[in-house]
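Numbers here simply count residues along the sequence, with the first being 1. Hydrogens, waters and symmetry mates play no part in the numbers below; they use all other heavy atoms, side chains included.
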Amino acid sequence: MKSFQARAALACAGMQAFLYVAAREPADSLPTYELDEFIVTKRTPGKMGLSGPESGFTLGKSELFRAACCNLGESFTTNASVDVDYADPATGAKQIKLLGLSGSYVQMMTENLPAFRGVAMPYAFRYVPGPWMKSIRVSKGSTTVKNGYEAITGQIDVEYLKPQDEETVNVNAYFDSDIRLELNGDANFHVPDKLNTVVLAHYEDRYRTHDGNHDGFADMPRIRQVNVMNRWNYFGDSYIFHGGLSFIDERSQAGQTVAHHDGELMDPYVISLDTRRYEGYMKHAFIIDREHNTNIAFAGNLSMHELSSIYGRKLYDVNEKGAYAQLMFETDFTEAHTLSAGLSLNYDRFGQRLLADPDGAGPDRIVERETVPGAYVQYTFRLDRKLTAMAGVRADHSSDYGFFVTPRFNVSWSPVEYLTLKASAGKGYRTVHPWAEYNYLLASGRRMVVEDLSQEEAWNYGISAESSVPVGAHTLRASAEYFRTDFRRQAVVDYDSSPGVLLVADLKGKSYSNVFQVEMSWESPFGVSATAAYRLNDVRTTYGSRLMEKALTSRYKALITVGYKTPLELWQFDATFVMNGGGRMPAPYPLSDGSMSWDDRFPAFPSLNIQATRYWRHFSVYVGGENLTNFRQKNPVVDASMPWSSTFDPTVVWGPVSGAMVYAGIRVNF
């Protein structure tokens, strides 16, 4: 009976493979093959939970292709855990939110190396083109201590296309109704003697000003970006090398499209940002004992980020230089016991020229430096694939803040086959470079005041339950999780205390976030997959002397995604519906015409994204739409006709600033 079932399955798979090829090739060009043996494997899903003790998930290529995914910031549209802030009209700056808190508390990494810190932080999510990414790993809450002390709410680690991937040339072109054009390309070359390289190129141009609400102020900046990267690796018998160089050149311009003041023409209010970023990295690994996974590795990167920006009559120029180095040792004593230990060094230098007050005497010159050497040790225990515990501690010394210790602990337990329970607790620290990280706030007409700031410090605690139950040939997955982040010290951006001032100051009181999320997903045998999720946020911070809801933060998020693939996977259809809960607005203030700047709260609002993709053998075409509910925030630029006044503000953004958008693209593989 088993033999008959095996033969039937083999015949069915063979027929499906034949039909798949026949649908892609003309009948008269089909080659003939004699198959001695072939293996049928299950397609890896686009979103996978983390297998270790950490909580989180990995987004693979198939999940990223469910949306346009033009850059890293647009990769989370089908995901309930990560929010992407809507871009402000002044700079287009986007930041993510994880566990209800700003992306500044997420450690951004590229293949386990810290990346896009400091002045790059507000714009980092448009610096990583979507077609360049192989996967995205999101770790929630307390994480490993190997990569530093900065992860407070988690880590986002981007894995780029690899030099050792199959030799191919890929080209991607994209265009949308917001007048945005993108071209991407990558090519792999395998050189003899175990040496490989990949070249990645990206060009983006939003070449026309868009003013959908006719307030005389651009809804989004015009952006032109050139981004190139070259990566190499070498695989020897006992030595492995990775290395690469990258360069970004970006020009951004926004501001008034019609200059007016009491009916009289005047010089327009212009916001411009010119960016150049240079980066190089390398990794060396020496394998000592393969049987016990014993190895010594050295990894490091160097970066220089130059930004010249003008906000009306304000200016901010910065040259940030960063260096990171890490020496690591790892070994498996047995299958149950693993030890990791290492040393690290982090260096940052900010040379800044600042004119925050146009009526002041002249630009201030500000130089910030910090050197942080550190050491860590981490132990992992595994028991029969049912219990995994990871405990780590690191000690670091900041040239500005002295000595500090970062403990973290994660545990995963599977009491039964289809249930996994996880818990975590850990600490995180972060040095704030306020002008570099919040330079986009200079677009506001308010006076920006920055006090002397302490190093940020917070604890994070989390518990989760994950269940995977087979339903026929497929799996029903369900999860529930709760995370709390409790700040001991924090830099608070205060819109509330004074209507004419944006204050960045140390926390004086409590600040915390509580996040609860449930999620369920299923992939049916008929090509249909679906995910439903709900997240509740309780995020509160002390402003002045009052503990209040964190402004511009939705109270909840509900998400439903549905996907369908035809039997031969020639067509794919995806839809994502999101309901974003309302939240608190900063304290409103009166405008020049006597009206108030905004209401006390912003409302809940829906969003619908749809995409259809048609696949051929060597290319695919996709069309879609975003924000098809056509919801937009009214008057995202406050007092747009009075940009030189203290009541002008384009930074208080909680929703889409433009309406429905449609797009089309093509992916070609040689």
Side-chain angles (χ1 to χ4, degrees), residues 42-51 55-69 72-84 96-100 130 133 135-140 154 156 418-420 422 464-483 515-537 554 556-566 569 571-581 604 606-613 622 624-629:
K42 187 180 186 297
R43 179 175 59 87
T44 303
K47 178 180 176 181
M48 299 162 284
L50 300 185
S51 58
S55 296
F57 55 89
T58 298
L59 299 177
K61 271 287 187 185
S62 59
E63 182 72 13
L64 297 177
F65 280 176
R66 296 183 64 185
C69 189
L72 178 60
E74 297 168 353
S75 303
F76 301 104
T77 57
T78 62
N79 179 267
S81 298
V82 180
D83 294 324
V84 180
I96 62 98
K97 289 181 180 177
L98 182 63
L99 305 187
M133 295 186 292
S135 67
I136 306 171
R137 176 186 168 99
V138 179
S139 302
K140 299 182 185 181
I156 293 180
Y418 303 120
L419 177 64
T420 300
K422 295 185 178 184
S464 66
E466 304 170 7
S467 177
S468 299
V469 180
V471 179
H474 296 266
T475 302
L476 176 68
R477 294 181 174 89
S479 64
E481 60 186 30
Y482 166 77
F483 286 91
V515 176
F516 175 73
Q517 179 174 315
V518 291
E519 184 171 337
M520 183 175 294
S521 62
W522 181 58
E523 187 173 340
S524 81
F526 308 107
V528 177
S529 60
T531 298
Y534 180 83
R535 190 184 73 240
L536 182 64
N537 300 319
S554 293
Y556 67 85
K557 179 179 181 179
L559 174 144
I560 298 176
T561 69
V562 179
Y564 171 69
K565 284 188 176 183
T566 57
E569 298 190 358
W571 286 92
Q572 179 175 338
F573 303 92
D574 293 285
T576 300
F577 177 80
V578 178
M579 177 60 74
N580 300 276
S607 177
L608 174 65
N609 299 343
I610 294 177
Q611 179 175 287
T613 307
Y622 57 94
E626 296 182 355
N627 189 27
L628 296 180
T629 53

query = Taking all atoms of both residues into account, what is the closest heavy-atom pair of Val515 and Gly100, and its distance?
reply = CG2-N, 4.0 Å

task = Start with the C-alpha distance between Val562 and Tyr564, add both sets of side-chain angles, then the distance that settles side chain to side chain contact (heavy atoms under 4.5 Å, CB included), and finish with yes or no.
result = CA-CA 7 Å; Val562 179; Tyr564 171 69; 5.9 Å; no

request  = State whether the side chain of Thr561 and the backbone N or O of Thr78 hold a donor-acceptor pair below 3.5 Å, judged by distance alone.
outcome  = no

query = Taking it one step at a time, do Val469 and Trp522 satisfy side chain to side chain contact (heavy atoms under 4.5 Å, CB included)?
reply = CA-CA 10 Å; Val469 180; Trp522 181 58; over 6 Å; no

ask   = Is any side-chain heavy atom of Leu64 closer than 4.5 Å to a side-chain heavy atom of Met133?
value = yes

Results of ring pair (Phe, Tyr, Trp, His ring centres under 6.0 Å) for Trp571 - residues two or more places apart only = Phe573

ask   = Are any of the side-chain heavy atoms of Leu476 and Met520 separated by less than 4.5 Å?
value = yes

message = So Thr475 and Tyr418, do their side chains get closer than 4.5 Å, heavy atoms only?
response = no

inquiry  = Is there a side-chain contact between Ile96 and Asp83 in this structure, where contact means two heavy atoms from C-beta onward sitting under 4.5 Å apart?
reply    = no

message = For Thr58 versus Ser135, what's the shortest heavy-atom pair and its separation?
response = CG2-CB, 4.1 Å

Atom pair OH/CG of Tyr534 and Leu559 - distance to nearest 0.5 Å = 13.0 Å

inquiry  = I'd like to check Ser55 versus Phe483 (side-chain heavy atoms, cut-off strictly below 4.5 Å). Are they in contact?
reply    = yes

ask   = Quick one: NZ on Lys557 to CG on Leu536, what's the gap to the nearest 0.5 Å?
value = 14.0 Å

ask   = Please walk me through it: do Arg66 and Asp574 pass salt bridge (Lys or Arg N to Asp or Glu O under 4.0 Å)?
value = CA-CA 6 Å; Arg66 296 183 64 185; Asp574 293 285; 2.8 Å; yes

Taking every non-hydrogen atom, the tightest pair across Gln517 and Ala80 = OE1-O, 3.8 Å

inquiry  = Please find the pair of heavy atoms, one from Thr629 and one from Pro606, that lie closest to each other, and give the distance.
reply    = OG1-O, 3.0 Å

remark   = So OH of Tyr556 and CE of Met579: to nearest 0.5 Å the spacing works out to 5.5 Å

key: Contacts of Phe577 that satisfy ring pair (Phe, Tyr, Trp, His ring centres under 6.0 Å) - sequence neighbours left out   = none

key: Side-chain donor/acceptor of Ser554 to backbone N/O of Gly581, under 3.5 Å   = yes

message = Can you list everything that forms a side-chain hydrogen bond (donor to acceptor under 3.5 Å, both in side chains) with Thr420? Sequence neighbours excluded, please.
response = Ser414

ask   = Can you check whether Phe526's main-chain N or O pairs, donor with acceptor, with Ser524's side chain at less than 3.5 Å?
value = yes

key: Least distance between heavy atoms, Gly130 atom then Lys61 atom   = O-NZ, 4.1 Å

inquiry  = Assess, by modelled atom type and distance only, whether the side chains of Ser81 and Lys140 contain a donor and an acceptor separated by less than 3.5 Å.
reply    = yes

task = Using a 4.5 Å cut-off on heavy atoms from C-beta on, say whether the side chain of Val138 contacts that of Phe76.
result = yes

inquiry  = Does any part of the side chain of Leu419, heavy atoms only, come nearer than 4.5 Å to the side chain of Glu466, both counted from C-beta?
reply    = no

task = State, to 0.1 Å, how close Phe516 and Val518 come at their nearest heavy-atom pair, and which atoms those are.
result = CZ-CG1, 3.6 Å

ask   = Side-chain contact, heavy-atom cut-off 4.5 Å: Thr77 with Thr576?
value = no

inquiry  = Do Gln611 and Asn609 pair up side chain to side chain, a donor and an acceptor below 3.5 Å, judged on atom types alone?
reply    = no

request  = Kindly compute the distance separating CD (Glu74) from CD (Glu626), expressed to the nearest 0.5 Å.
outcome  = 6.0 Å

key: Donor-acceptor side-chain pairing of Glu519 and Thr531 below 3.5 angstrom   = no

